[in-house]
S.K.: 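One structure follows; several queries about it will come next.
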Amino acid sequence: MLKCGLLGQKLGHSYSPAIHGMLADYDYQLFEREPEQLEDFLKNGPWDGINVTIPYKKAVLPYCAELSDTARRIGSVNTIVRRPDGSLYGDNTDAYGFESLVRKSGIQVQGRKALVLGSGGASVTVVAVLKMLGAESVTVISRGGEDNYDNLAKHADARIIANTTPVGMYPNNGQAAVDLAQFPQCEGVLDVVYNPARTALLLQAEKLGIPCADGLYMLVAQAKRSSELFTGRSIPDSEIGRIEKLLSGQMKNIVLVGMPSSGKSTLAAALGERLGRPVYEADALIEQEAGMDIPAIFAQYGEGHFRALETEVLSRLGKLSGAVISTGGGCVTREENYDLLHQNGTILWLQRGTEKLDKTGRPLSLKNDLNEMYQKREPMYRRFADAAVDNNGSVEAALAQILEVLQ
């Protein structure tokens with residue numbers, strides 16, 4: 001069996017083993033190596049093919065007896081194959097990955113002015129691909145270069161924005177390298193980050209109606225091309241979409257919203273058990289951190305204080321991947337909670353008739369008419385939700401609907 005893997009200095013959690021496991025039948029490991037170990041690993045390491053990541057994409061160049069045209073042009077290698085004679089062949093499949101992402105997104109690059117945020121290794125590849133796809137001009141924005149974040153006004157006519165920085169990547173969610181309002185002619189936004197699924201940059205693009213795409217498709221596409229180099233066998237392009245969809249479904253949270261007593265906790269538990277996912281109850285975490293139950297929080301501090309605590313908890317829960325999150329009934333009353341839940345989640349609105357809702361232990365339900373509350377919140381639930389689920393019947397019936405939506 002072929003021995004393959006990912007070479008880097010600090011790898012942490014990586015989706016590469018899972019992706020390669022869906023592409024072909026070979027052993028794929030993570031190889032963390034310090035710079036002083038690089039030469040020995042490349043010459044004598046237990047591998048037949050490797051992917052290369054930060055900080056070694058340029059450092060491996062001198063060890064490659066031959067480079068692909070793409071790797072030579074870009075000056076960066078992310079895939080190495082050990083040939084039968086022991087010599088190393090280097091290629092850059094990141095270029096294939098980013099080109100695949102652009103084409104899949106439908107964003108038109110030809111004849112457009114493009115800005116590339118960041119000047120690191122990924123930037124070099126993205127610049128080369130954008131030029132190859134016919135961009136009118138490509139400008140790199142860096143912190144200290146001639147074109148930097150302090151003089152973006154001179155690039156207000158940019159029509160394509162590509163982010164290659166780690167800004168906004170987990171766990172530093174919510175940050176963006178630029179404000180898209182500075183680019184009134186922008187027609188497309190591409191972000192190589194894939195965790196969260198929607199960075200702050202992509203969330204803003206969505207709100208402005210600008211076509212956009214995250215980096216997960218690129219990650220899978222470059223892995224597919226690497227796998228072909230490792231095995232010498234062609235893999236259908238359709239596998240990229242299939243694997244991306246599977247990964248996206250596994251990575252995104254399932255977020256339940258709806259009126260108090262609409263069954264969120266019960267269905268969250270059922271989903272967690274059925275799918276083998278961790279379950280988080282926002283209200284329970286609020287009570288735990290406040291050291292008192294929700295009626296006591298309302299009585300002592302008022303609704304405003306409770307909503308602030310709720311947003312704080314949701315800001316942490318929204319960063320998770322692959323979880324089931326049950327929210328409080330009124331979380332939709334704060335618009336800022338939408339981005340927190342939407343950034344890495346599929347939001348499902350549980351619908352249940354107001355006559356079936358239980359008011360026990362729910363301060364706002366007890367002092368308000370539920371029909372009036374629902375009428376006020378209905379457009380908010382609709383605004384937050386990716387899909388609605390009828391929860392007037394059995395748990396199994398609602399669960400079946402949810403699983404159908406997720407598939």
S.K.: Below 4.0 angstrom, N of the basic side chain to O of the carboxylate: do Arg334 and Glu310 qualify?
M.R.: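 Result for this pair is no, no salt bridge flagged.
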
S.K.: Hey, does the side chain of Thr327 reach the backbone of Leu256 with a donor-acceptor pair shorter than 3.5 angstrom?
M.R.: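 It does hold such a pair.
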
S.K.: If you define the side chain from C-beta out and look only at heavy atoms, does anything of Tyr280 sit under 4.5 Å from Asn253?
M.R.: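 No - every pair of side-chain heavy atoms lies 4.5 Å or more apart.
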
S.K.: Do Leu7 and Leu42 make a side-chain contact, defined as non-hydrogen atoms from C-beta onward lying under 4.5 Å apart?
M.R.: yes

S.K.: Is it true that atom OH of Tyr301 has more than 12 heavy atoms of other residues, nucleotides or ligands lying nearer than 6.0 Å?
M.R.: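 Open: at most 12 neighbouring heavy atoms sit under 6.0 Å from OH of Tyr301.
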
S.K.: Got Asn195 and Asn344 here, is their nearest side-chain heavy-atom distance under 4.5 Å?
M.R.: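 Answer yes - side chains close enough.
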
S.K.: Taking side chain as C-beta onward, heavy atoms only, is Leu216 less than 4.5 Å from Ser248?
M.R.: yes

S.K.: Do Ser68 and Asp91 have side-chain N/O donor and acceptor atoms under 3.5 Å apart?
M.R.: yes

S.K.: With a 4.5 Å heavy-atom cut-off, do Thr311 and Leu314 have their side chains touching?
M.R.: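 SC-SC contact between Thr311 and Leu314 ruled out.
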
S.K.: Work out which heavy atom in Lys43 is nearest to a heavy atom in Arg82; give both atom names and the distance.
M.R.: O-NH1, 3.5 Å

S.K.: Quick one: pull up CE in Met132 and CZ in Phe98 and give me the separation to the nearest 0.5 Å.
M.R.: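 Nearest 0.5 Å value for the CE-CZ distance: 10.0 Å.
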
S.K.: Does NZ or CZ of Arg382 lie under 6.0 Å from the centre of the six-membered ring of Trp349, at an angle within 45° of the ring axis?
M.R.: no

S.K.: Does Lys224 pair with Glu228 as a salt bridge, N-O distance under 4.0 Å?
M.R.: yes

S.K.: Could you check whether any side-chain heavy atom of Tyr170 comes within less than 4.5 Å of a side-chain heavy atom of Val193, counting everything from C-beta outward?
M.R.: no

S.K.: Test your reading of the model: is there a side-chain donor-acceptor pair from Tyr381 to the backbone of Met259, 3.5 Å cut-off?
M.R.: yes

S.K.: Are Tyr26 and Ser227 close enough that a side-chain donor and a side-chain acceptor fall under 3.5 Å?
M.R.: yes

S.K.: Going by distance alone, is a donor N or O of one side chain under 3.5 Å from an acceptor N or O of the other, for Thr346 and Asp386?
M.R.: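 Short answer, no.
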
S.K.: Output yes when Glu312 and Arg307 qualify as a salt bridge under the 4.0 Å nitrogen-oxygen rule, no when they do not.
M.R.: no

S.K.: With rounding to the nearest 0.5 Å, note down the distance linking CG in Leu285 to CG in Leu309.
M.R.: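 Reported value, rounded in 0.5 Å steps: 11.5 Å.
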
S.K.: Side chains of Val255 and Phe384, heavy atoms from C-beta outward: is any pair under 4.5 Å?
M.R.: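 They are not in side-chain contact.
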
S.K.: Which residue pairs satisfy the side-chain hydrogen bond (donor to acceptor under 3.5 Å, both in side chains) criterion with at least one member in residues 199-211, sequence neighbours excluded?
M.R.: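 Listed once each, the pairs are Asp179-Gln204, Asp191-Thr199, Arg198-Glu206, Glu206-His342, Lys207-Asp339.
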
S.K.: Could you go through residues 268-278 and list every donor-acceptor pair under 3.5 Å that involves a side-chain atom there, pairing it with any protein atom two or more places apart or in another chain?
M.R.:
| from | atom 1 | to | atom 2 | distance (Å) |
| --- | --- | --- | --- | --- |
| Arg274 | NH2 | Glu396 | OE1 | 3.2 |
| Arg274 | NH2 | Glu396 | OE2 | 3.3 |
| Arg277 | NH1 | Lys252 | O | 2.8 |
| Arg277 | NH2 | Gly249 | O | 2.6 |

S.K.: When the side chains of residues 52-60 are checked against the rest of the protein, which donor-acceptor pairs come out under 3.5 Å, sequence neighbours left out?
M.R.:
| from | atom 1 | to | atom 2 | distance (Å) |
| --- | --- | --- | --- | --- |
| Tyr56 | OH | Arg33 | O | 2.5 |
| Lys57 | NZ | Asp94 | OD2 | 2.6 |
| Lys58 | NZ | Gly75 | O | 3.1 |

S.K.: Counting N and O atoms only, with roles assigned by atom type, does the side chain of Thr93 sit under 3.5 Å from a partner on the main chain of Gln222, one being a donor and the other an acceptor?
M.R.: yes

